[in-house]
Amino acid sequence: MKRHLYLRHFLGAFLLMITYSLITSAINLMLLPVVENFGFSRGAFAFSSIILMIPNLILSPFMGTLSSRAGLRQMILFGGVWGTASLGALCFCKNLPQFYLAFLLGGFVYCPCTSYIASVLLNSWFKEKKSIACSIVMAGTGVGGMLWGILVPPLVQRFTFRAGYLFCSALWFTFMLLCTLLVRGFPQDAGITPCDAEAENSLPDAVLPDAGPYKLIRQKRFWLLCTANFSLSLINGFFPHIQAYLVDHNYTAIEAGRVISTFCLLLVVIKLLLGVHFEHKGLRRGIRLPLAVDFITLALLYMGIPSLLTVTVVLFAVNSSLVALTPLLSAGKVYTVTEFAAVWGILSAVSGLGNSVGTPLWGVIYDRTGSYRAGFLIAFVLLALWGTLYQYLLKETS
């Protein structure tokens, strides 16, 4: 019976990340069609990613309390209905303010009711082998992205971007309903202890919302961790521009979609490999290899060698994998279980904000310079900053 419940919640967390990939991958495939249809600049439309994160930032200090009092299952159900409506509303938008409003409303549930809950489920139901469990669950965004890269571009090409948004809305509702059926809540809601918990009466980390987040955010380690994760996520803001980047290099939209699907397939593989790698080497030593690969990838993206373009873009999955795994794993190293529960909502929002701010910044760089090359130079500096701060923070906890 216990194994059945562990498996249900593990699958629920995985499916939540696939659902979240509709926001991180699928709707990004509508960026170029929307821009071309309405004549928006890439930077102006990509600004919607920042607007999408505003509600998440507002809610982030209260997510621990909200999840404990409202219940995870109720949050998923509410997010399913609200998210379906907001994604459906994108089908009817005709100008930038309308798009901005639809993304703003969706921001109240897109991340809080999927990615955040998946992290809480990982932290509350599973005590050991977290690196591996985390890598499998977070690979859900890659699995989803791989599917959307194949399915969405032909759909949009044949029926316009409005069909793409409607497709995302229908899938969001279906997946969230399935998650509601799988997830019961915290372990104590089911009357059992976390998987591999040493003490039978141990409480899950995620039900300790009153650990004083305002005291913790005044500490230096909090701001250093925020700076590191924000810097890496800024680089990852390039991901929504991958399709446009490839089209600029004479790929068709369909061909670019296939490359993105390959990217997402490798994203799954890399996340799994990194989970095993971090479990074996430890996080501090383990990040050095993917950090080196990420530097090489940025150099190749900057050069834009035609014969290596597909391989280069696909290798960017290393950066996205680090963004998905390292914030959660590093927070577990830097903070105690009680502190983690108090600050994770804020830390996850900061990482999400980096992606959201990075997306329009990459667009602005393109609009001002006619290419993304200046962005890759800035990304070198940000990546070096991230690696340096992580080495320092994780050394303090080793």
Side-chain angles (χ1 to χ4, degrees), residues 24 46 49-50 131 135 138 141-142 221-242 245 263-264 266-267 269-271 273-275 277-278 281-305 308-309 311-331 333-334 347-348 350-366 369 371-396:
T24 60
S49 62
I50 294 181
S131 293
S135 67
M138 295 303 162
T141 53
R221 59 180 176 169
F222 173 81
W223 291 106
L224 291 178
L225 199 56
C226 284
T227 301
N229 292 334
F230 184 79
S231 299
L232 187 65
S233 297
L234 275 177
I235 301 172
N236 202 54
F238 174 68
F239 172 71
H241 296 271
I242 285 179
Y245 176 79
F263 168 97
C264 294
L266 190 62
L267 189 65
V269 175
I270 290 176
K271 284 180 182 178
L273 290 176
L274 284 180
H277 179 63
F278 292 152
K281 293 286 187 179
L283 188 57
R284 183 169 183 262
R285 291 176 57 199
I287 65 170
R288 295 171 185 171
L289 176 59
L291 178 64
V293 174
D294 211 1
F295 270 117
I296 294 171
T297 302
L298 290 174
L300 291 173
L301 285 170
Y302 175 82
M303 290 184 286
I305 302 172
L308 297 177
L309 203 58
V311 174
T312 301
V313 167
V314 168
L315 279 177
F316 192 70
V318 172
N319 185 273
S320 297
S321 298
L322 290 172
V323 169
L325 297 179
T326 56
L328 179 59
L329 295 176
S330 62
K333 294 287 186 181
V334 173
L347 288 172
S348 62
V350 168
S351 295
L353 180 64
N355 277 295
S356 299
V357 172
T359 298
L361 282 179
W362 282 98
V364 169
I365 289 171
Y366 180 88
T369 66
S371 76
Y372 295 105
R373 297 186 76 189
F376 297 131
L377 294 177
I378 297 171
F380 275 111
V381 178
L382 294 174
L383 188 59
L385 176 63
W386 174 79
T388 302
L389 289 177
Y390 257 51
Q391 290 299 303
Y392 170 75
L393 286 165
L394 296 173
K395 181 180 180 180
E396 293 292 306

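What you are looking at is a predicted structure, and each value in this text was computed from that prediction instead of being measured.
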Exercise. Report yes if some heavy atom in the side chain of S330 is under 4.5 Å from a heavy atom in the side chain of L393; otherwise report no.
Key: no

Practice problem: Looking only at non-hydrogen atoms, find the nearest pair between L267 and S321 and report the distance. | Solution: CD1-OG, 3.3 Å

Quiz prompt | For S233 against V323, the heavy-atom pair lying closest together | solution = OG-CG1, 3.9 Å

Practice problem: Would you indicate whether the side-chain heavy atoms of Y390 and L232 approach each other to under 4.5 Å? | Solution: no

Self-check item: Within-4.5 Å side-chain heavy-atom neighbours: T227 and L385
Solution: yes

Quiz item: For the residue pair M138 and A324, what are the closest heavy atoms and their distance?
Solution: CG-O, 3.9 Å

Quiz item: Which atom names give the shortest non-hydrogen contact between Y245 and L301, and what distance separates them?
Solution: OH-O, 3.0 Å

Quiz item: Hey, does F230 have a side-chain heavy atom less than 4.5 Å from the side chain of L382?
Solution: no

For residues 234-242, which side-chain donor-acceptor pairs fall under 3.5 Å, sequence neighbours excluded?
{"unit_1": "N236", "atom_1": "OD1", "unit_2": "S320", "atom_2": "OG", "d": "2.6"}
{"unit_1": "N236", "atom_1": "ND2", "unit_2": "N355", "atom_2": "OD1", "d": "3.0"}
{"unit_1": "H241", "atom_1": "ND1", "unit_2": "Y372", "atom_2": "OH", "d": "3.1"}
{"unit_1": "H241", "atom_1": "NE2", "unit_2": "T359", "atom_2": "O", "d": "2.7"}

Quiz item: Are there more than 12 heavy atoms of other residues, nucleotides or ligands under 6.0 Å from atom CZ of R288?
Solution: yes

Quiz prompt | Flag side-chain contact, heavy atom, 4.5 Å: N229 against S351 | solution = yes

Quiz item: Just wondering, do T141 and K271 contact through their side chains at under 4.5 Å, heavy atoms?
Solution: yes

Quiz item: What distance do M303 atom CE and L308 atom CG have between them, rounded to the nearest 0.5 Å?
Solution: 8.0 Å

Quiz item: In Å and rounded to the nearest 0.5 Å, what is the CZ to CG distance from F278 to L289?
Solution: 9.0 Å

Quiz prompt | Which atom of L291 lies closest to which atom of G387, heavy atoms considered | solution = CD2-CA, 4.1 Å

Quiz item: Would you say R285 and L394 make side-chain contact, with heavy atoms under 4.5 Å?
Solution: no

Quiz item: To the nearest 0.5 Å, what is the distance between CG (L225) and OG1 (T326)?
Solution: 9.0 Å

Quiz prompt | Spatial distance of atom CG (L283) from atom NE2 (H277) [nearest 0.5 Å] | solution = 9.5 Å

Practice problem: Please report the shortest heavy-atom distance between I365 and A374, naming the atom on each side. | Solution: CG2-CB, 4.1 Å

Self-check item: Value rounded to 0.5 Å, distance of CZ in F222 from CG in L224
Solution: 11.0 Å

Quiz prompt | Rounded distance (nearest 0.5 Å) linking atom CG of L266 with atom CG of L315 | solution = 7.0 Å

Run the side-chain donor-acceptor check on residues 293-300: report pairs under 3.5 Å with partners two or more places apart or on a different chain.
{"unit_1": "D294", "atom_1": "OD2", "unit_2": "N319", "atom_2": "ND2", "d": "2.7"}
{"unit_1": "T297", "atom_1": "OG1", "unit_2": "V293", "atom_2": "O", "d": "2.9"}

